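Read through the structure below, which is laid out as structure tokens, and then see the notes.
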Amino acid sequence: MISLNGSLLLVGCGKMGGALLRGWLKAGIKPSQIAVFAPRPADWLLALRAEGLHVNEMPEAVDAVVVATKPQAVSQVLDGLSPLGNGDTLFVSIAAGTPIQTFQDLLGPKTPVVRAMPNTPAAIGAGITALIASPEVNSTQSALSEALMQAVGKTVLLSSEEQMHAVTALSGSGPAYVFSFAEAMIDAGCNLGLSRELATELSITTVYGASRLMNETCEPPKVLREEVTSPVGTTQAGLEVLLGGRALNTLVHKTLKAASARSRALS
């Protein structure tokens, strides 16, 4: 249950902002407790005004502001929210590559800020979000930031903001790597004589099932891999190509290193 004394302000309601809003409503926050700033509000958003949702209206008392805009829009957005800075209002940012210091430079050095990195499975409530808080964030605000992000999946707490670059590379960009692997499996299945429709169904369901198995059994991936690999069997033959010479490990390490370096450059 997410507890609010005042209102929650969501700035930006694209895919991730929309996912958060739906998650909060499902978690029990009343529409009347939420205000949304969106330059071109979608029809479903406007329809929620009948239930009390405030669209492009500043509420009187704001417990927290969730900034879900693109990074290049942060400065303009915060300029309009400066009266809420340097006080008791918590700012939670999911703007990729935007450090906490940027918020405090624009809003005031005493502004409590939590930086968060969710990923796209949040759209179905299966995301994972890493959070790091500035020293100005108190225990109540920290718990609120976690609860807000847990409405769309799991949360983890970081020990330093520097770790956010690695998080961005691993879980932030990670879904795209999984989708790319599924694409490659589909193409390979077609090359082996399957129809694209059948190869797609087999690949997507296999990735989904394997992910659920890892999540629900809590067994390490290594153990699950060994359980499906019989000596001199078909899986073993495939893995000798995939893992031979640590080819996959090397490729993944290079991939995450490149994404992490880009995260540093953008921030």
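Start at 1 with the first residue, then count along the sequence. These numbers come from a predicted model, not from an experiment. Hydrogens, waters and symmetry mates play no part in the numbers below; they use all other heavy atoms, side chains included.
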(request) Check whether any side-chain heavy atom of Leu84 lies under 4.5 Å from a side-chain heavy atom of Leu81, and answer yes or no. (result) yes
(request) For the residue pair Ser230 and Thr235, establish whether any side-chain heavy-atom pair is separated by less than 4.5 Å. (result) no
(message) If hydrophobic clusters are built by linking Ile, Leu, Val, Met, Phe, Trp and Tyr wherever their side-chain heavy atoms come under 4.5 Å apart, do Met117 and Leu266 end up in the same one?
(response) no
(message) By the definition side-chain contact (heavy atoms from CB on, under 4.5 Å), identify the one residue from Val92, Val67, Val66, Val65 that meets it with Leu10.
(response) Val66
(request) Give a yes or no on whether Glu216 atom CD has more than 12 heavy-atom contacts from other residues, nucleotides or ligands under 6.0 Å away. (result) yes
(message) By the definition side-chain contact (heavy atoms from CB on, under 4.5 Å), identify the one residue from Ile29, Asp63, Leu20 that meets it with Leu8.
(response) Ile29
(message) Could you check whether any side-chain heavy atom of Ile186 comes within less than 4.5 Å of a side-chain heavy atom of Leu194, counting everything from C-beta outward?
(response) no
(message) Tell me whether Gln33 contacts the main-chain N or O of Leu53 through its side chain, where contact means a donor paired with an acceptor under 3.5 Å.
(response) no
(message) So, applying side-chain contact (heavy atoms from CB on, under 4.5 Å) with Arg246, which one of Asn249, Leu243, Leu248 is it?
(response) Asn249
(message) What I'd like to find out is whether the side chain of Leu25 reaches to under 4.5 Å of the side chain of Leu48, using heavy atoms alone.
(response) yes
(message) Within the supplied structure, the quantity of interest is the number of heavy atoms (other residues, nucleotides, ligands) at a distance under 6.0 Å from Glu227 CD; does it exceed 12?
(response) yes
(message) Taking Thr111's backbone N and O only, do any of them form a donor-acceptor pair with Gln104's side chain (distance below 3.5 Å, no angle check)?
(response) yes
(message) Under a 3.5 Å cutoff, is there a donor and acceptor pairing between the side chains of Lys154 and Asn215?
(response) yes
(message) Ignoring hydrogens and geometry beyond distance, is a side-chain donor-acceptor pair present between Gln163 and Ser159 at under 3.5 Å?
(response) yes
(message) Is there a side-chain contact between Leu157 and Ile132 in this structure, where contact means two heavy atoms from C-beta onward sitting under 4.5 Å apart?
(response) no
(message) We want to know whether Ser160 and Glu162 form a side-chain donor-acceptor pair, criterion being a heavy-atom distance below 3.5 angstrom.
(response) no
(message) Is any side-chain heavy atom of Val55 closer than 4.5 Å to one of Phe37?
(response) no
(message) So which atom in Trp24 and which in Ala151 form the shortest heavy-atom distance, rounded to 0.1 Å?
(response) CD1-CB, 3.7 Å
(message) Can a donor-acceptor pair be found, under 3.5 Å and without considering hydrogens, that links the side chain of His54 to the backbone of Val36?
(response) no
(request) Evaluate the side-chain proximity of Glu60 to Ser7: yes if any heavy-atom separation is below 4.5 Å, no if none is. (result) no
(request) Ignoring hydrogens and angles, tell me if any N or O in the side chain of Ser173 forms a donor-acceptor pair with the backbone of Thr168 under 3.5 Å. (result) yes
(request) Please check if atom CG in Asn86 has more than 12 non-hydrogen atoms from other residues, nucleotides or ligands closer than 6.0 Å. (result) yes
(message) So, applying side-chain contact (heavy atoms from CB on, under 4.5 Å) with Thr98, which one of Val74, Thr69, Leu78 is it?
(response) Val74
(message) For Ala68 versus Gly17, what's the shortest heavy-atom pair and its separation?
(response) CB-CA, 4.1 Å
(request) Answer whether the closest heavy-atom distance between the side chains of Leu202 and Glu197 falls below 4.5 Å. (result) no
(message) Less than 3.5 Å apart, any donor N or O on the side chain of Thr200 or Arg196 sitting next to an acceptor on the other?
(response) no
(message) Could you check whether any side-chain N or O of Ser195 sits under 3.5 Å from a backbone N or O of Leu198, counting only pairs where one atom can act as donor and the other as acceptor?
(response) yes
(request) Ignoring hydrogens and angles, tell me if any N or O in the side chain of Ser145 forms a donor-acceptor pair with the backbone of Ser142 under 3.5 Å. (result) yes
(request) Go through the side-chain N and O atoms of Gln150 and Thr155 and say whether any donor and acceptor fall under 3.5 Å apart. (result) yes
